[in-house]
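Each remark here refers to the structure printed beneath this line.
For ligands, and for the atoms within them, numbers begin at 1 and follow the listed sequence. Owing to the predicted nature of the structure, the values given are computational and were not obtained by experimental measurement.
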Amino acid sequence: MVNFIFQEAVKLVEKATHQWQTPSNIALVKYWGKTEPQLPKNASISFTLNNCHTKTKIEFQKIQKSSEVEFDLYFEGKRKDDFKPKIAKFFDRIKEYCPYIFNYSMVIHSENSFPHSSGIASSASGMSAIAKCLTSLEKELNPNLDDNYLTQKASFLARLGSGSASRSIEGPLVVWGEHPDIEGSSDNYGIKFPYKVHPIFENYQDCILLVDKGEKQVSSTVGHNLMHDHPFAEQRFKQANDNLTKISKILQEGKIKDFIELVESEALTLHAMMLTSNPYFILMKPNTLEVINKIWEYRSKSNSNICFTLDAGANVHVLYPHNEKQQVEEFINAELLKFCQKNQYICDNTGFGAQTF
Ligand code: DP6
């Protein structure tokens with residue numbers, strides 16, 4: 001494995017500010033099941049999103065080496081001490097690779113483009129933004145470090161914060177998890193899908209229907225852990241890896257009907273794992289099923305290439321190619337918004353990952 005341990009600073013940096021905007025992502029083949037330290041049980045692939053993102057600025061100030069990581073956290077302009085334990089845990093996991101975090105006090109300012117309690121996972125965009133700020137400081141401390149290496153390291157660090165965050169550094173398609181058919185793939189970090197993608201999958205649309213904005217009853221972390229003694233686990237991990245082989249071909253050849261079938265099956269299988277865990281749980285809501293049935297009905301009578309996917313929650317991600325944007329959005333407005341809490345939805349599309357702002 002590449003050595004991600006920071007070696008030595010060649011420059012003295014007293015004060016620095018780095019800021020990054022990183023997106024959320026939506027998995028097509030799902031990551032569900034992991035081992036320590038945040039290693040996936042199967043490979044996954046996602047579309048990087050564009051409009052759903054986190055903006056994070058970190059102000060670094062050099063201090064005498066401390067035995068604890070010193071930081072303050074502001075979320076949307078307000079001090080947020082209740083978010084600190086999660087970030088502290090993240091720093092603890094990455095301290096071996098970024099020993100310089102003990103030499104700085106950090107003030108972190110963060111904001112999301114989407115409502116905090118929308119059910120849209122903010123851990124992917126949140127962790128990847130912090131990871132990018134750290135690797136920017138690293139570049140300042142040692143300008144000789146290669147940019148590709150630092151991009152990989154950002155994904156590696158983000159993964160230690162939240163598995164899916166490893167897929168939020170680049171875009172528009174990212175694979176995380178070692179897989180024989182994806183050259184360069186690794187369990188340690190995400191890589192850009194390395195093959196040429198058919199134009200039908202360019203600028204793909206994802207309209208996120210906010211079916212339920214409440215706090216999830218079961219967190220992803222608990223869900224992942226329930227895969228340890230799950231009766232169908234091994235079969236599922238194999239299926240996901242097989243699906244990755246299939247989707248790689250589908251994306252290159254532009255076989256959109258096969259894409260629809262595979263992506264919807266992945267979403268339902270993810271939730272089937274939840275339904276069959278011990279203890280079992282359900283994250284879908286009645287309106288999740290209403291939306292799915294409406295999408296199927298519309299597809300069968302219109303020949304549209306609309307499809308859906310789900311993450312670990314009740315919201316529905318409606319996926320469609322850019323050339324169907326107008327008609328699908330008319331359908332969404334007319335038929336689906338009534339199933340959203342307060343008619344709320346977010347129209348997004350695939351993006352290219354982290355950017356400065
Ligand atoms: C259903 O990345 O949120 O969205 O690694 O414990 O932070 P942790 O879990 P997380 O799990 C994401 C699960 C998923 C599928 C996916 O994004 O691949």
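- Closest to atom 7 (O) of ligand 1 among all protein heavy atoms lies Ser162 OG, 2.7 Å.
- Atom 15 (C) of ligand 1 has as its closest protein heavy atom Tyr31 O, 3.4 Å.
- When only modelled atom types and interatomic distance are considered, Glu266 and Asn243 share a side-chain donor-acceptor pair under 3.5 Å.
- Between Phe259 and Phe47, the ring-plane angle classifies as tilted under the 30° and 60° cut-offs.
- Contacts of Ala27 with ligand 1, taken as heavy-atom pairs under 4.0 Å, involve the side chain alone.
- In summary, the aromatic rings of His109 and Phe75 are positioned with their centroids too far apart to meet the 6.0 Å limit.
- Where the criterion is an N or O separation shorter than 3.5 Å, residue side chain and backbone included, His224 meets it with respect to ligand 1.
- Ion pairing between Asp242 and Lys238 holds under the 4.0 Å rule for side-chain N and carboxylate O.
- Going from atom CG of Asn51 over to atom OG of Ser24 covers 11.0 Å, rounded to the nearest 0.5 Å.
- Close approach of ligand 1 to Gln38 (heavy-atom distance below 4.0 Å) involves ligand atoms 5 (O).
- Residue contacts with ligand 1 for Leu270 involve side-chain atoms from C-beta outward but no N, CA, C or O (heavy atoms, distance under 4.0 Å).
- The contact set between ligand 1 and Lys34, taken as ligand atoms under 4.0 Å from a residue heavy atom, comprises 5 (O), 6 (O), 8 (P).
- Distances below 4.0 Å separate heavy atoms of Gly163 from the following atoms of ligand 1: 2 (O), 5 (O), 7 (O), 8 (P).
- A centroid separation of 6.0 Å or more is found between the aromatic rings of Tyr100 and Phe102.
- Not one N or O of Asp311 is nearer than 3.5 Å to an N or O of ligand 1, by distance alone.
- For ligand 1, the polar-atom distance check against Trp32 finds no nitrogen or oxygen pair separated by under 3.5 Å.
- None of Asn25, Thr151, Thr22 except one satisfies the side chain to side chain contact (heavy atoms under 4.5 Å, CB included) rule with Glu170; the exception is Thr151.
- Ion pairing between a basic and an acidic side chain is recognised when a charged N comes within 4.0 Å of a carboxylate O; Arg93 and Glu36 show such pairing.
- Salt-bridge formation is detected for the pair Lys57/Glu59: a Lys NZ or Arg NE/NH1/NH2 atom is positioned less than 4.0 Å from an Asp or Glu carboxylate oxygen.
- At the top of the distance list for atom 2 (O) of ligand 1, counting protein heavy atoms only, stands Ser164 OG, 2.7 Å.
- Around atom 16 (C) of ligand 1, the closest heavy atom drawn from Met127, Arg167, His271 belongs to Arg167.
- Applying the 4.0 Å criterion to heavy atoms of Ala312 picks out, from ligand 1, the atoms 1 (C).
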